[in-house]
Amino acid sequence: AIAVATGRSRCRVMIALPDTATAQFPPSVILGARMQTSCVQYPANDPVIVVHRSIFELCERNYTAAAVLSYFAYWHNIKLEMQAKARQANDVAESHGDKRTQDESLWQFHTEEDIEFHIMSASRKTIREAIRYLEERGFITTGSNPIPRYHFDKTRYILFHPDVVNSHAAELPNPSG
């Protein structure tokens, strides 16, 4: 790979490109490249959502559903990292005779207000419709608090199904032809 730097020293973007100069890149490859720095100074904790074209197509060009699905995928990756750490902590606790107290589940919860703030493109009503659509497609499951002692908690929990998303995405036509 060749590292290509563009811009001035205060505005530098590094993108890894293959050695062949004649390679054709779909826009998502270039736009999806990981940038090391930016010339724009964004506020701390400024929300950003990335919607891949494949997810947009998978959601039948429903942008809100695609943005919500991308949001859940993002948090699923975080939950996977948390799950590994929780499992390790629980194993240590158990080896010392203590109970497993750390949540190892992949269930995530988000208020409609949180989702609205982060995807920045839809009302709560449209978000509810998108969640219903994603559940009908089998991309997510919604439920109540998975911890039995909190049965009174009415918070809606989401379980993201990457295997279902990947299976459906594999059936999409290749956008580059």
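Note: hydrogens, waters and symmetry copies are ignored here, and every other heavy atom, side chains too, is used. We're numbering straight along the sequence, starting at 1.
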Give the intermediate values and the outcome of side-chain contact (heavy atoms from CB on, under 4.5 Å) for residues His76 and His161. CA-CA 9 Å; His76 184 79; His161 302 295; over 6 Å; no
Do the side chains of Leu106 and Trp75 get nearer than 4.5 Å, heavy atoms only? no
With a cut-off of 6.0 Å (strictly less than), are more than 12 heavy atoms of other residues, nucleotides or ligands near OH of Tyr63? yes
Can you tell me if Phe109 has over 12 outside heavy atoms packed within less than 6.0 Å of its CZ? no
With rounding to the nearest 0.5 Å, note down the distance linking CD1 in Ile140 to CG in Leu69. 8.0 Å
Report the C-alpha separation of Glu129 and Arg124 in whole Å, then their side-chain angles, then the decisive distance to 0.1 Å, and conclude whether the side-chain contact (heavy atoms from CB on, under 4.5 Å) test is met. CA-CA 9 Å; Glu129 291 167 356; Arg124 291 184 197 168; over 6 Å; no
With the 4.5 Å side-chain cut-off for hydrophobic clustering, are Val51 and Met120 part of the same group? yes
One should read off an interatomic distance between Glu57 CD and Asn62 CG, to the nearest 0.5 angstrom, of 12.0 Å
Quick one: does Phe160's side chain get under 4.5 Å of Lys79's, heavy atoms only? no
side-chain contact (heavy atoms from CB on, under 4.5 Å), that's the test. Do Gln102 and Arg87 meet it? Break it down for me. CA-CA 7 Å; Gln102 301 299 307; Arg87 186 172 290 130; over 6 Å; no
Basic-acidic side-chain contact under 4.0 Å: Lys85, Glu81: no
When you look at Lys99 and Glu94, which way does the salt bridge (Lys or Arg N to Asp or Glu O under 4.0 Å) test go after all the steps? CA-CA 6 Å; Lys99 292 183 179 180; Glu94 199 172 59; over 6 Å; no
So how far is it from Phe139 CZ to Asn166 CG, rounded to the nearest 0.5 Å? 10.0 Å
Co-membership, hydrophobic cluster, residues Tyr133 and Ile49, 4.5 Å side-chain: yes
Distance, nearest 0.5 Å, that separates OG1 of Thr141 from CD1 of Ile158: 9.0 Å
Does the side chain of Ser144 reach to within under 4.5 Å of the side chain of Thr155, using non-hydrogen atoms? no
Counting only heavy atoms not in Glu135, do more than 12 sit closer than 6.0 Å to its CD atom? yes
Distance (rounded to the nearest 0.5 Å) between Asn90 CG and Ser95 OG: 10.5 Å
Can you tell me how far the NE2 atom of His168 sits from the CG atom of Asp163, to the nearest 0.5 Å? 10.5 Å
Between Arg132 and Glu136, is the closest basic N to carboxylate O distance under 4.0 Å? no
I'd like to know whether CZ of Phe152 has more than 12 heavy-atom contacts from other residues, nucleotides or ligands below 6.0 angstrom. yes
With hydrophobic residues grouped by side-chain heavy-atom distances under 4.5 Å, do Val164 and Tyr71 end up in a single group? yes
Going by heavy atoms in the side chains, are Cys59 and Leu134 under 4.5 Å from each other? yes
For Glu60, I'd like to know if atom CD has over 12 heavy atoms of other residues, nucleotides or ligands within 6.0 Å. yes
Would you say Asp103 and Trp107 make side-chain contact, with heavy atoms under 4.5 Å? no
pair Asn145-His151: side-chain heavy atoms closer than 4.5 Å: no
Does the pair Ile131 and Phe72 meet the rule for a side-chain contact (heavy atoms from CB on, under 4.5 Å), with working shown? CA-CA 10 Å; Ile131 290 171; Phe72 292 154; 4.2 Å; yes
Linked, directly or transitively: Ile78 and Ile55 (ILVMFWY side chains, under 4.5 Å): yes
Path from Tyr74 to Val165 over hydrophobic side-chain contacts below 4.5 Å: yes
Among Thr64, Thr126, Asp114, exactly one meets side chain to side chain contact (heavy atoms under 4.5 Å, CB included) together with Ile119. Which residue is that? Thr64
Below 4.5 Å, heavy atoms only, C-beta onward: do Met82 and Glu104 meet side chain to side chain? no
Heavy-atom distance under 4.5 Å between the side chains of His118 and His110, does that happen here? no
